[in-house]
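To start, the structure under review is shown below, and the notes come after it.
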Number of protein chains: 2
Amino acid sequence: MRKKSISRKEQILQAAFATVCRQGYYETRIDDVARRAGVAKGTVYLYFRDKPDLYLGIIRWLLSQAYTILQEIAGQPLSARARLSRVFQTWTEKLLPYPGATELIFPEMNRERCNLNRRFREQVLPELRRLLDGIAGIIVQGIRQGEFRPVEPRLAALNFLNAFRTGLLLMSRELRIGSAPEQSLDLFFHGISLKTKGGK
Amino acid sequence: MRKKSISRKEQILQAAFATVCRQGYYETRIDDVARRAGVAKGTVYLYFRDKPDLYLGIIRWLLSQAYTILQEIAGQPLSARARLSRVFQTWTEKLLPYPGATELIFPEMNRERCNLNRRFREQVLPELRRLLDGIAGIIVQGIRQGEFRPVEPRLAALNFLNAFRTGLLLMSRELRIGSAPEQSLDLFFHGISLKTKGGK
DNA sequence: TATTAGACTGACTGGTCAGTCATTATACCA
DNA sequence: TGGTATAATGACTGACCAGTCAGTCTAATA
């Protein structure tokens with residue numbers, strides 16, 4: 001009477017995450033995931049209904065981890081700017097080995113409501129909004145305390161995600177832009193800051 | 001002795017573009033494209049070697065159109081800021097019916113070098129760099145004329161693309177952010193502007 | 001009008017892969 | 001130790017679809 005181990009599910013999730021980040025959803029074979037997880041294909045289907053279910057599982061897992069980090073930092077006694085910096089930094093550290101991770105989320109948003117997309121909207125969008133609201137909350141704090149301009153907080157939050165994504169992209173050196181992730185964050189801060197006295 | 005018409009190729013390209021923007025590459029069937037273009041499947045293969053070739057054709061077509069618009073506006077006697085505004089506006093008008101268009105480019109950048117990706121890097125990245133350099137050129141002008149801070153121009157150009165993408169995303173209302181595309185552009189300008197006297 | 005070159009067609013094929021399920025392995029209990 | 005419930009396996013299947021090609025159509029030319 002063994003129990004379906006949670007760790008087994010986690011193990012598959014982790015393998016799927018790594019694979020999908022490298023190859024993208026459609027180039028990922030369930031066999032690839034199973035092999036990387038060290039289980040047989042059938043085992044994957046003991047823990048996930050079908051391929052989309054596995055995919056959505058990955059994304060929710062990712063978002064929930066991102067949210068946990070955010071909440072942790074939101075609880076610390078810091079300025080809004082310092083909080084966002086720390087979130088940026090922590091996320092970057094975690095996702096550095098998985099530069100494709102940010103692409104799991106956005107591309108699906110501008111698509112037609114096909115099979116996968118419908119489930120995406122139902123299961124992922126709420127989590128994504130929660131994360132955005134978490135960031136927006138920090139930004140509202142910054143506005144109240146006079147650190148930031150009175151920008152639309154959700155839009156600024158979206159820009160924060162963009163800055164993060166760009167930071168990861170810069171690390172890949174693919175576009176041959178000689179900038180570090182921090183510069184992407186810096187540009188973001190300049191966009192919402194009140195006082196921008198002079199230079200870089 | 002009819003000739004393989006250029007318009008026929010254009011027609012297929014247009015149909016493929018519309019379809020891929022709605023459904024994404026992997027959910028697009030060559031049959032869909034053919035039907036929308038009003039030709040038979042086989043005809044598609046008279047003009048494109050295989051599916052990736054069609055896909056890359058779409059992207060290069062898109063990038064070259066974007067570049068043409070950019071060049072046109074770059075030739076007008078305007079401030080750097082006014083130029084970027086006009087580019088933003090023109091691009092937005094053109095791509096409003098195809099909100100998925102921006103997703104054709106970026107997701108592929110953080111992926112492993114599989115079949116499709118290798119060809120993407122060879123054929124698309126140079127075009128993309130050219131476009132980025134075009135934007136960066138306007139930004140350099142702005143820096144020289146004291147409109148913008150001395151930011152890294154290529155990074156700022158990448159941010160401009162992000163702002164554009166976010167503008168399109170806002171139009172879809174999916175995230176329930178009550179902002180218009182212009183606000184995304186505004187945030188971008190704040191990030192690179194020298195003088196930011198007070199709030200909105 | 002007959003000829004022909006090249007455009008166009010769409011039924012067909014072969015490979016791929018998600019998902020299944022009969023079988024085997026394992027842990028737990030009496 | 002034998003019995004049982006559950007976990008795990010991996011060979012198999014059926015659907016799907018990119019790409020093919022033998023045949024048809026069309027228009028320009030002689």
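Throughout, protein chains are lettered first and strands after them, A, B, ... in sequence-line order, and every chain is numbered starting at 1. All values reported here derive from a predicted model rather than from experimental measurement. As a basis for the values below, the full set of heavy atoms in this structure was taken, side chains included, without hydrogen atoms, waters or symmetry mates.
- Among D/dG19, D/dT9, C/dA18, the nucleotide with an atom closest to any side-chain atom of A/Thr43 is D/dT9.
- How far CD of A/Glu152 is from CG of B/Asp186: 12.5 Å, rounded to the nearest 0.5 Å.
- Nearest nucleotide to the side chain of A/Tyr45, out of C/dT9, C/dT20, D/dA18: C/dT20.
- Looking at B/Trp61 and B/Gln14, their side chains never bring a donor and an acceptor atom within 3.5 Å of each other.
- B/Phe120 does not carry B/Arg111 over the face of its six-membered ring by the limits of under 6.0 Å from the centre and within 45° of the normal.
- The side chain of A/Lys41 contributes no N or O atom lying less than 4.0 Å from OP1 or OP2 of D/dG10.
- Rounded to an integer number of Å, the gap from CD of A/Gln23 to P of C/dC17 is 11 Å.
- Atom pair B/Asp53:CG and D/dA18:P shows a separation of 15 Å (rounding to whole Å applied).
- The side chain of B/Leu46 approaches C/dT9 more closely than any other nucleotide in the set D/dG19, C/dT9, D/dA7.
- Remark: P of C/dT16 and CD1 of A/Ile30 are 18 Å apart, rounded to the nearest angstrom.
- The interatomic distance linking A/Phe48 (CZ) with D/dA8 (C1') rounds to 16 Å, in whole Å.
- Contact check, B/Arg29 against D/dA18: a side-chain N or O comes under 4.0 Å of OP1 or OP2.
- Distance CG (B/Asp50) to C1' (C/dG15): 16 Å, rounded to an integer number of Å.
- Judged by distance alone, the side chains of A/Arg121 and A/Asn117 do bring a donor and an acceptor atom under 3.5 Å apart.
- Of the candidates C/dG19, D/dA18, C/dT9, C/dT9 carries the atom nearest the B/Ala40 side chain, counting heavy atoms from C-beta on.
- There is no side-chain donor-acceptor pair under 3.5 Å between B/Gln89 and B/Arg86.
- Atom OH in B/Tyr26 sits roughly 17 Å away from atom C1' in C/dA18 (whole-Å rounding).
- Atom-to-atom, CD1 of B/Ile12 to P of C/dA7 comes out at 12 Å; the value is rounded to the nearest Å.
- Listed pair A/Arg8 / D/dA8 meets the phosphate criterion, a side-chain N or O lying under 4.0 Å from OP1 or OP2.
- Dashed line: the shortest gap from a side-chain N or O of B/Tyr47 to OP1 or OP2 of C/dC8 is under 4.0 Å.
- Taking atom CD of A/Glu27 as the reference point, atom P of C/dA18 lies 11 Å away to the nearest angstrom.
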